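Down below is the structure, laid out as structure tokens.
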Amino acid sequence: MAAVVAPTSEPDPTAVPQSTATPQPTEPEPTTEPTPTPEPVVEVDFEEPFTLGVASGDPTEDSVILWTRLAPDPHNPDKAERNGMPDRDIPVFWEIATSTPDGGPDLVLLQGEATASAALGHSVHVDVQGLPADTWFVFRFIVGPYRSAPGRTRTMPSAGATPALTYAFSSCQRRDAGAYAAHRALVERGDDIDLFFWLGDYIYEGGPNAAAALPDRQHDSPEIENLPMYRNRYALYKTDPHLQAHHATRPWIVTWDDHELDNDYAGETSENEDEPGPFRGRRAAAYQAWYEHMPVRLPAPDSADWQIYRDVRWGDLAHFMVLDGRQYRDDQPTDGNFVPVPGVLDDPSLPIRTIEAEANDPNRTLLGRDQEDWLVNTASGSSAQWKVLAQPVFMHGLSIVPGANPPMTAPDTWDGYHGNRKELLGRMVDVENLVVLSGDFHSQSAADVRVDPYDRSTPIVAAEFMSGAISSQFPIPVSDSLLNLVAAINPHINHLGTANGFVVCEVNTDEMRTGFWSVTDVLDPNSIVVETSTYKVTAGTPGLDFF
Ligand code: FE
Ligand code: CA
């Protein structure tokens, strides 16, 4: 982390141009005053390093994390070891400025030096402190003659303040399945949207897919399983211009799901039930690569065990609990495969009764006991008006098995941990104005969350909104008969669909207005993205409300 220097007494009016800067190899920019913190002298024996853009995240009322990674040769599976960087630490200069909406000169507030550590893939995480609350900024990085494009970020309001907030969230951006029109649309919203929550599946770990919808966006290596391969995959994803632009537009608050490591993994159990020892090594590599590419306020991991669950607050209006739904899980019933339903999903080979016994067992856990206790204590003790769970898999339950107990369908979701869910939500019935966000399922939903989704005598504890995927596709065709069956036996679900896109929530002390934004043509990065349905949650009334 960089030391923070005092604000400049004579700000440099030319600092941080609004336009994307290009490297200026010989001539420094003219300045009217000397810069108080000199840019470090860097031996530049590498090419343009800012190929992966800039990002920011996890703001507080007086600080924010600024991120970049130096990678001149970012996605090269044949020589991904150092991605074009020398094998030594590199000093990186950063500066952050107030941002004037009229495009006038920005005033540098703070600047300093950070280290791009060779051991951490030359990633940079700067914890800039001492910033004014509830303010937008522009920032950039400088290494020798190279200047990054500027990024925009902001701080949270002060504790006690409750200014209105607009946040968005989404998940699941399989690169070869679709273009990133959703990210493009979120860039176009600019400062209208204050914060973006990412709920997992930032990358997908598999190899090339012969049936890819967009063959020119194929994965460029076999299934990834070690640190250089994970780095290469993040770099492949991050070179998408709309994804980079979205990171540079506002702070992100991110968690992970399964594909950042391995499809449907649970704790130390891999998709293919590999030996736990080697899988722990793979898990450590995946977690390190995630750290290296995410703007997170976390210490760097040094093993396969790494706590990423945490909370962020928008003053006293909204308190977000960001959950880890993978690291501490017991293995799913059926290893996470869909439960067969004769006539709907035809695979009669799986024993539903065993699944029920496992799902109902309250001794199995999705979050792990420590995270459960932290969640209950944080939500129960919060003074904020809204308590929001930012977490990967849907909690509201979704059945296509009439009459089963529990009537569950997708064991990788909270339905596979039905007894655990009942116990956990039973501890949170007194938490007012609780909202659950989810992703993972490549579908949109708006639903009430009951202590037991399938027992309407149990109380509603929250409203839940599940974002459509940015680009990933729902894995099976959805027929009208399937949708009708779902509607008939899931009255707690008000909206369900498989459109790609994101959700935008406008929050004040009285209500949370939620809009589902849907991508018209996911194969087209220029596709229009339109609001297709809206909901409301009213403070004091648990669950969905309607206009
Ligand atoms: Fe996904
Ligand atoms: Ca997932």
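Bear in mind the structure is a predicted one, so any value in this text is a computation, not a measurement. Both ligands and their constituent atoms are indexed starting at 1 by order of listing. Heavy atoms only: backbone and side chains are in, while hydrogens, waters and symmetry mates are out.
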Checklist outcome for this item: Only one of E260, H259, K238 passes side chain to side chain donor-acceptor pair (under 3.5 Å) with Y202, and that residue is K238
Item to check | Apex the Ca ion (ligand 2) - arms OD1 from D440 and OD2 from D257 - angle rounded to 10° | outcome: 80°
Checklist entry - Near the Fe ion (ligand 1), which protein N/O/S atoms are found at less than 2.8 Å? => result C172 SG, D201 OD2, Y204 OH, H442 NE2
Checklist entry - Testing Y265, Y230, Y287 for side chain to side chain donor-acceptor pair (under 3.5 Å) with R282, which one passes? => result Y230
Next on the checklist: One thing to verify: whether R427 and E423 come together as a salt bridge, which I'm taking to mean a side-chain N less than 4.0 angstrom from a carboxylate O.
Outcome noted: no
List the atom pairs, donor and acceptor, that lie under 3.5 Å between side-chain atoms in residues 295-305 and the rest of the protein, sequence neighbours left out.
residue, atom, partner, partner atom, Å
R297, NE, D58, O, 3.2
R297, NH1, D127, OD1, 3.0
R297, NH1, D127, OD2, 3.1
R297, NH2, D58, O, 3.0
R297, NH2, S63, OG, 2.9
S303, OG, D305, N, 3.0
S303, OG, D305, O, 3.3
D305, OD1, R280, NH1, 3.3
D305, OD1, R283, NH2, 3.0
D305, OD2, R280, NH2, 2.8

Checklist entry - What is the name of the N/O/S atom in D258 that sits closest to the Ca ion (ligand 2)? => result OD1
Item to check | Distance flag, aromatic centroids of F502 and F169, threshold under 6.0 Å | outcome: no
Checklist entry - Is it true that D257 and R326 have a side-chain N and a carboxylate O under 4.0 angstrom from each other? => result yes
Item to check | Among the N, O or S atoms of D201, the one nearest the Ca ion (ligand 2) | outcome: OD2
Show every donor-acceptor pair shorter than 3.5 Å between a side-chain atom in residues 475-485 and any protein atom, with sequence neighbours excluded, or say none if there are none.
residue, atom, partner, partner atom, Å
S479, OG, S481, OG, 3.0
S479, OG, L482, N, 3.1
N484, ND2, D480, O, 3.3

Checklist entry - Quick one: side chain to side chain contact (heavy atoms under 4.5 Å, CB included) partners of S382, sequence neighbours excluded? => result R313, H319, A384, K387
Checklist entry - Any N/O/S atom of D264 sitting less than 3.0 Å from the Ca ion (ligand 2), backbone or side chain? => result no
